[in-house]
Amino acid sequence: MQALYAQLLVGLINGSFYALLSLGLAIIFGMLNIINFAHGALYMMGAFCAYFLLSVGGLSYWWALVLAPIVVGLFGILLERTMLQRLAGLDHLYGLLLTFGIALILQGVFQNYFGSSGLPYAIPDLLTGGVNLGFMYLPIYRGWVVIFSLAVCVATWFVIERTKFGAYLRAATENPTLVRAFGINVPRMIALTYGLGVGLAALAGVLSAPINQVRPLMGADLIIVVFAVVVIGGMGSIMGSIITGFTLGVIEGLTKYLYPEASNTVVFVLMVLVLLVKPTGLTGRAA
Amino acid sequence: MKKYIYRLFAYLCPLLVSFNAYALDKNVKIGVLTDLSSLYADSAGSGSVLAAQMAVEDSGLTKKGWTVEVISGDHQNKPDIGASIARRWFDVDKVDLIVDVPNSGVALAVSRVAKEKNGVLIVSSAAVSDLTNAQCTSNTIHWTYDTYTLANGTGTALTTAGGKTWYFLAADYAFGAALERDTAAAVEATGGKVIGQVKHPLNTSDFSSFLLQAQASKADVIGLANAGADTSNSIKQAAEFGITRGGQRLAGLLLFINEVHALELNAAQGLVLTATFYWDLNDRTRSFSKRFQERNKKGDMPSMPQAGVYSGVLHYLKTLDKAGANSHDGAQVVAAMKELPTDDDAFGKGYIEPNGRKIHPAYLFEVKKPSESKGPWDYYKLLATIPAEKAFTPISQSSCPLLKK
Amino acid sequence: MTTLTTNSIANSKPTAPVRDEIRTFIILTALLVAVPISGLYPFFVMNALCLALFACAFNLLIGYGGLLSFGHAVFLGTAGYITAHALKVWTVSPELGIVLGVAASTALGVVTGLVAIRRQGIYFSMITLALSQLVYFIYLEAPFTHGEDGIQGVPQGKLFAFIDLTNPIVLYYVVLAVFLAGFFLIYRSINSPFGEVLKSIRENEPRAISLGYKTDHYKLLAFILSAGLAGLAGAMKVFVAQNASLTDVYWTMSGEVVLITLLGGLGTVFGPVVGAFIIAAMQEYLASFGQWVLVIQGTIFVICVLTFRRGIVGEVAHYFKMSL
């Protein structure tokens, strides 16, 4: 039983990454109608950014937490302005293909310059060590990841669902022409949204840098799992993607304990089941 | 009579000339087939190409009138691409020797091609021990290490050193299973006991739940039967969960120095691993490694596979030098290589078994604490030396069909 | 809904396109038949032909059905594994091995198709991708695939007990014949009533439904056909490479076939073939540029999507107002 608690908690940590990433995907999809295949690569860039801020700029983890999402977010806005923007009005699939190409380029370039085995990134001093919870030894950093990402998710939800900016954003998703008629700069808003979604990916990257080896392909396989998470949750609601992210992390954690061989496939199996029962996903609206 | 002698000369001359032309064929082409773009780009990759070039220079053949050309190719870790590049190299580009070949699948595929085209293959990076067992050929030499070396070295030496109970974290596919099986056998043969194992899927990013299970087992040693990023991540996260500080030992069954470098000592300290090459073993390895590092664009010390490429190519060229010419007959060259004892800066003295297994000592290392290390690349301290005759599968146990003649 | 490709409505004259296509087909066949005497390396062409058949099968779905499958490699790889295993372990004849491989891919196509066609557009792509990753993990862990080692040294044998496939020239013509047969089958399907309905679904699915077509049936059928033909390509690949490995089921391979088709021209008859030859040449002859392969592929993706969405063949056809 104790082991079970431990696994649940560990699952929650993984769920934090799923939630942050699928949240970013959902925001981007909602606004740009693009499935951002480059999300995994941008997550990787976030982690690399943290590494460079530390090794070149001497800026600590805490700075990275703020700066990396901004840097990568700006890079995202640049991508949107120069490339993604041109796909407006075309089929969704071109967006997928373009971002897939961008992901390949980013991963390839990073691989060339930084090798395959990756770069080290230590846990910040303040968060090293751990506490004994009785049923497990919990590294403080892991607890921090859960709490921090939960806070970020809730904040994002609040901005989108409860603020004026969020209201514009949702309105522009529904009917861009009408919103433009009110004098709101929709293209700029789209760019900002892409930046925001990408920034969330970068944030997840910074959070994972002390846990996982910082390496060029760190996001390549993760993105496919996150796709499955998104399909399960449906991309209709912000809250939906957050909850699905955390839940799937926990389910995956349980599988690692009960039947570890299947822990990488359980998310995909769940996806098939959900599709058979409710094709629009758990929280999704009909397409 | 005179006329008769002239006629004899007239017959013999072309023969002599052609024999001479044959004897004077001093062209060699070496293809480094490696992974330039992915998982093994650090431990092999461009460093392997450099190692091959250094071997060519050190052989001194160019001064003796030989033309040695080194080309390289990226197999992208795809066996079909690897095999088709190898086939084209042998057929069209007239490559004599293919060397390196990380990734077991690609190595096995290329080994078949080398046999079919009667070329020479020296495998340095791939670990699969089938190359000198069921799937051995008369055209392949397996140079640097194999799963047996890793499993047996770490399993035996660590159990002898007091690690009596083992728990395995194994990647759930053929390679992980083989590594775990061989290590478990070595552990049990030495009087140790395997008290549990967990199989994790390949490319897992979060190992915490597996590590928790390993931690709860209270085993003396946690054996990591995985590779690449999986190994790096499990080591990094083991440090986070305080596993080595809790008194358990972590044994990396397949780990290269580049990965330790990337992890940094903070995360990797206390880890035990087996290798057949380390740059700081003796004067000879140091001198080779310094030269390598100076010329390596990445600034890395040579890894075990890269050192193997150097050693293998050097021995190949020595064999050709001794023969005086390149016969372009792969099987014959490999046979000659097996006759000639090996000796080079990276691995010292050694020899090649009839099944194509290159034999040299292996070493059990422990990764230093940050306080013990004098600087970058000063990472290992020697725990034990496994003598050459014990480091590899005994020839009597090899299932290589070549031996059954 | 926006139209996926601009190649679809290029020509309005009903008879001209068929003539263009048949003429091109004859030229292509003549060129391919002449390969062994041209000095071109036959193994390279065989590899490219397998890729081309795979891409044509894929193109049937995206180019004519508007369905972007991002997990098509599993069909290639499944047939590869089954054929290789059947030939090596069960020692069946080559023709039976091919049949078993294609059957396995077709069966997998039925299952995958049933799940995937429940969603449209972008979801369809993500679902196929996720399913392919699921299948990849199964193969990775299944003992018969030998994990990273792959199934090696598959015997080529004698087709119908008298055609010796170990002879490269013979093998070449067998691969060519299979490719042409597969290509012809796809070509016929596209120009059949079935193909017309498929195109109508791509252009406007609700309208097709309102016309009384059970669009799901058509989509499923297209999916299964495409999976089976991808399997045929995978089975042939086993004879060429003499091995079957994980790379053929990994998602990067799925990405590659998208790239091939996009580069050649989505929804063009010959685009996938042209794309396959270009990408295969890149992999073989740019091998020494190894580290840049990923970047080059990514760049091609970006350039294609941004500047010439019709692909090479599509642009040529558009320029000359032909149908290719």
Side-chain angles (χ1 to χ4, degrees), chain B residues 31-39 41 45-46 49 71-89 91-93 103-113 115-116 126-128 130-131 134-135 137 171-178 199 201-203 227-228, chain C residues 39-48 50-51 76-77 80 133 136-154 166 168 234 237-238 240-248 250 252-253 256 280 282-297:
Chain B
V32 184
L33 186 58
T34 185
D35 172 4
L36 293 164
S37 58
S38 173
L39 294 172
S46 54
V49 182
I71 59 174
S72 65
D74 181 25
H75 61 50
Q76 299 161 49
N77 284 307
K78 297 182 179 179
D80 54 329
I81 297 209
S84 94
I85 292 175
R87 199 171 275 131
R88 204 190 64 234
W89 275 1
D91 274 352
V92 182
D93 299 315
N103 184 319
S104 318
V106 184
L108 290 168
V110 173
S111 170
R112 303 239 164 216
V113 177
K115 172 77 192 161
E116 183 192 321
V128 58
D130 266 8
L131 282 169
Q135 305 202 39
T137 79
D172 192 14
Y173 67 114
F175 166 77
K199 287 191 188 304
L202 186 71
N203 290 336
Chain C
L40 217 65
Y41 191 52
F43 275 95
F44 160 70
V45 185
M46 280 191 264
N47 266 336
C50 292
L51 266 185
L76 180 82
Q133 190 76 348
Y136 167 76
F137 278 118
I138 293 173
Y139 284 136
L140 181 66
E141 293 170 17
F144 87 96
T145 62
H146 300 283
E148 197 192 38
D149 297 352
I151 303 179
Q152 300 285 348
V154 179
T166 50
K237 211 161 170 264
V238 170
V240 178
Q242 292 181 54
N243 60 46
S245 65
L246 279 173
T247 49
D248 282 351
Y250 198 46
T252 46
M253 189 67 194
E256 222 167 276
M282 248 175 63
Q283 283 175 342
E284 286 259 339
Y285 295 99
L286 295 186
S288 47
F289 292 99
Q291 56 267 56
W292 293 105
V293 164
L294 270 183
V295 182
I296 294 171
Q297 289 192 348

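Below, each value reflects all heavy atoms present in this structure, side chains not excepted, and no hydrogens, waters or symmetry copies. We name chains A, B, ... by the order of the sequence lines, and we start the count at 1 in each one. Here the structure is a predicted model, which means the values were calculated and not measured.
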Should the pair B:R87 and C:F43 be classed as cation-pi, given the thresholds of under 6.0 Å to the six-membered ring centre and 45° from the axis? yes
Looking at C:A280, C:S245, C:G150, which has the largest count of heavy-atom pairs under 4.5 Å with chain B? C:S245
Contacting region of B:I81 [heavy-atom separation from chain C under 4.5 Å]: side chain
Please look at C:F44 and chain B and tell me whether the side chain, the backbone, both or neither of the residue comes under 4.5 angstrom of a heavy atom of that chain. neither
Applying a strict 4.5 Å limit to non-hydrogen atoms, the region of C:Y139 in contact with chain B is neither
Walk me through whether B:D172 and C:L140 qualify under side-chain contact (heavy atoms from CB on, under 4.5 Å). CA-CA 8 Å; B:D172 192 14; C:L140 181 66; over 6 Å; no
Say whether, by atom type as modelled, one donor and one acceptor occur between the side chain of C:Q152 and the main chain of B:A109 under 3.5 angstrom. yes
Among B:V128, B:D91, B:V92, which residue forms the greatest number of heavy-atom pairs with chain C at distances under 4.5 Å? B:D91
Partner set under salt bridge (charged side-chain N to carboxylate O under 4.0 Å, His left out) for B:K199, not counting sequence neighbours: B:E180
Answer with side chain, backbone, both or neither: which region of B:D35 has an atom nearer than 4.5 Å to a non-hydrogen atom of chain C? neither
Which residues pass the salt bridge (charged side-chain N to carboxylate O under 4.0 Å, His left out) test with C:E256, not counting sequence neighbours? B:K78
